[in-house]
Structure formats: C-alpha cells, structure tokens
Amino acid sequence: MPLYFLHVFNRTGCSRDEEGMDLPDLAAAREAAVEGIRSILRDEVAHGMIDFEGRVEIEEEGGAVVMVVSYREAVELRSERNGE
Amino acid sequence: MIEPHLAKLRARHSISAEEEAAIRGAIREFREIPSDRTFIRAGEELSFSTLLLEGLMCRYKDLRNGERQITEVNVAGDFADMHSYTLKRLDHNLMTLSPCRVAILQHDDARQLFLDHPRLHDIYWFGTNLDAAIHREWALSLGRRDARSRTANLFCELRVRLAIVGRADERGYDLALTQTDLAECLGLTSVHVNRVLKELRESGLVEFRGGRVTIMDLPALERAAEFDPAYLYVERLD
C-alpha cells in the first residue's frame, strides 16, 4: 500500500506528519483527511468555537503534494442563511 | 523471564519466595508474537490467560465499518486477560502493538495455584480490579476530557505503569506506538493526534516522536491531564 503523509495547516501553523499512513489509494487518503478534520472541528465545537481556516495537504512518498483538503469542505454547513 | 510481572505485583503486595516459586511453577510455556497480530479474537473459547512480559499489546473492540477503539494498553508485566479465567471467552480482541514475549498460564494451572495459595487468588483479583479502574478512567477520558487533556492523561498513565516495571523515569519512556495506535486509544484520528501532539510539544509539556515519549514538564503535563494516579493504586497494600 502506498504511504501518504497528511500535514495539517491552520492559523497556528503547520503540524507535519512524519510517520505517514499506509492507505490503499488517494481516495482513502482523502477520507482520512476528512475524518481528521472533522475530529479536530468536533473538539473545537466542544469549546464553543469553529475555525474553518485550515487545510490538510496530502503528500505522496517522494514529496509531491497530490491533494489539498480544506477544513471547509470536510463538513456540510447548514443555517438559516444557507451557510453564511 | 517473569520479572516485570513480579515487579508489578510487588509494587502493591509483598510476594514471598514461596509464592514467587509457585507463580513461576504455574507457567509452563512462553511464546513470541509478532507485531500487529490479533492473537485472540472475541468469542473464541479460552482455556488459558496471556501474561505480557515484553512489548505492548492492547484490548480493542471494533465496529462493522472497521473503526477500532482500544480500551486498554497493556505493558510488560500485565496479564492481558486474567479475566478470561472466569469469563472463558472475551468480549474484545487482544492485539500486539509491537513484537511481544508472553507467558501462558493455563486456567487449570491457575486454579491449582489459587487453591494452594488463596492469598495469590486475592492478589490476582486485585489485578483484574485494577484493569477495571483503568477502564473507568478511560471512560472518563473518552467521554469528558478534551483531546489535549485525554492525550496528556494517557502519557501520564503509561509513565506510571511503565515506571513500575522499570521502563520509564521522570524524563520519559520508549513507546512503540504509531499515531494511528494513539488515535485508536484516544477516540481521535491520526491527523487529529498529530495536531494535538504539536500543541503539547509547543506548550512545553511532552514530546512524542520516533517511538519515544520525552516528558518536558511533568507537573504541567499532569495538570493539563487532570491526572490523579489514585486509580492506579500504586501503594503497598500488604
């Protein structure tokens, strides 16, 4: 299985993934990124705050960033004013 | 071979030379298990208990979608499943998280040991009660602590448990876990754990890197975790 590195970027900087994850393909890596972002946001909500200013960069072995998943696209946002 | 186990017992109870000989005599088999192996599955009938002597293993349960919750990490000296002595099957799986050396205690031999040494029966009962106390603390963590405090608490707990068997000191300890393993302990994801580890490192509390936990500020780490070691019962009872 290919190794993917999922680096997290937000307002406080970058936390680089030095370990990587063996995942079947890029779709699975995107799923891991989305689940990761939701997990981070869940913790923020519990503290009464949500900050969508962040992204996960998915890097392949060799160093190429093959996908960027923004925090905003990890959840569907609904409100009276349609998300704004 | 069973020194870490004796060290764990002796952290709470005196064990006489005769009792030590009886424990050693009851164990008739040692095994090596490679890393990342689910070596006992929920539901299978068991006639023996597994004593971990070296390495890390865990108890876990999972959902149909493959999501796994580790419910306790076992360290050298721990019985992985003394409770199978009475339950005869487990409601969870047992998996190695690193290469492990284990001892096998047949339940028949355990029964004879307890008949010959009723005090050891009580001491092993204490051991399963201690596991239950750890599970309660993890329930508190998973249900109520935030990600940062939950992670800090796990590092505090493992430091105490590993120190008992001579595998940790004030400065830190080796911990052969991946971020995914930690995520499965903490009910988080690997990505989130990575984020939390950065926070803990940048707050000057603890660093986890390359299989090593480096404690940067133990009192501050314990405060962040609201860590109260009372649930680990590290006191000589008799």
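Labels below follow one simple rule: chain letters A, B, ... track the order of the sequence lines, proteins then strands, and each chain is numbered from 1.
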Give the minimum heavy-atom separation between [X] and [Y], together with the two atoms involved.
| X | Y | result |
| --- | --- | --- |
| Lys198(B) | Cys14(A) | CE-O, 2.8 Å |
| Arg195(B) | Val8(A) | NH1-O, 3.5 Å |
| Val191(B) | Met21(A) | CG2-CE, 4.4 Å |

Legend entry - Residue Ala32(A) versus chain B: region with a heavy atom under 4.5 Å: backbone
Inset, instruction - Please state whether the side chain, the backbone, both or neither of Arg38(A) comes within less than 4.5 Å of a heavy atom of chain B. - result: neither
Inset, instruction - Assess whether atom CD of Glu29(B) is packed by more than 12 heavy atoms of other residues, nucleotides or ligands within 6.0 Å. - result: yes
Legend entry - Within 6.0 Å of CZ in Arg171(B), more than 12 heavy atoms from elsewhere: no
Working to the nearest 0.5 angstrom, can you tell me the gap between [X] [atom1] and [Y] [atom2]?
| X | Y | atom1 | atom2 | answer |
| --- | --- | --- | --- | --- |
| Asp43(A) | Arg145(B) | CG | CZ | 13.5 Å |
| Glu199(B) | Thr12(A) | CD | OG1 | 7.0 Å |
| Gln179(B) | Leu6(A) | CD | CG | 10.0 Å |

Legend entry - Region of Arg209(B) that comes under 4.5 Å of a non-hydrogen atom in chain A: side chain
Legend entry - Residue Ser190(B) versus chain A: region with a heavy atom under 4.5 Å: side chain
Legend entry - Heavy-atom donor-acceptor pair, Glu35(A) side chain to Thr189(B) backbone, under 3.5 Å: no
Legend entry - Side-chain donor/acceptor of Asp17(A) to backbone N/O of Asn194(B), under 3.5 Å: no
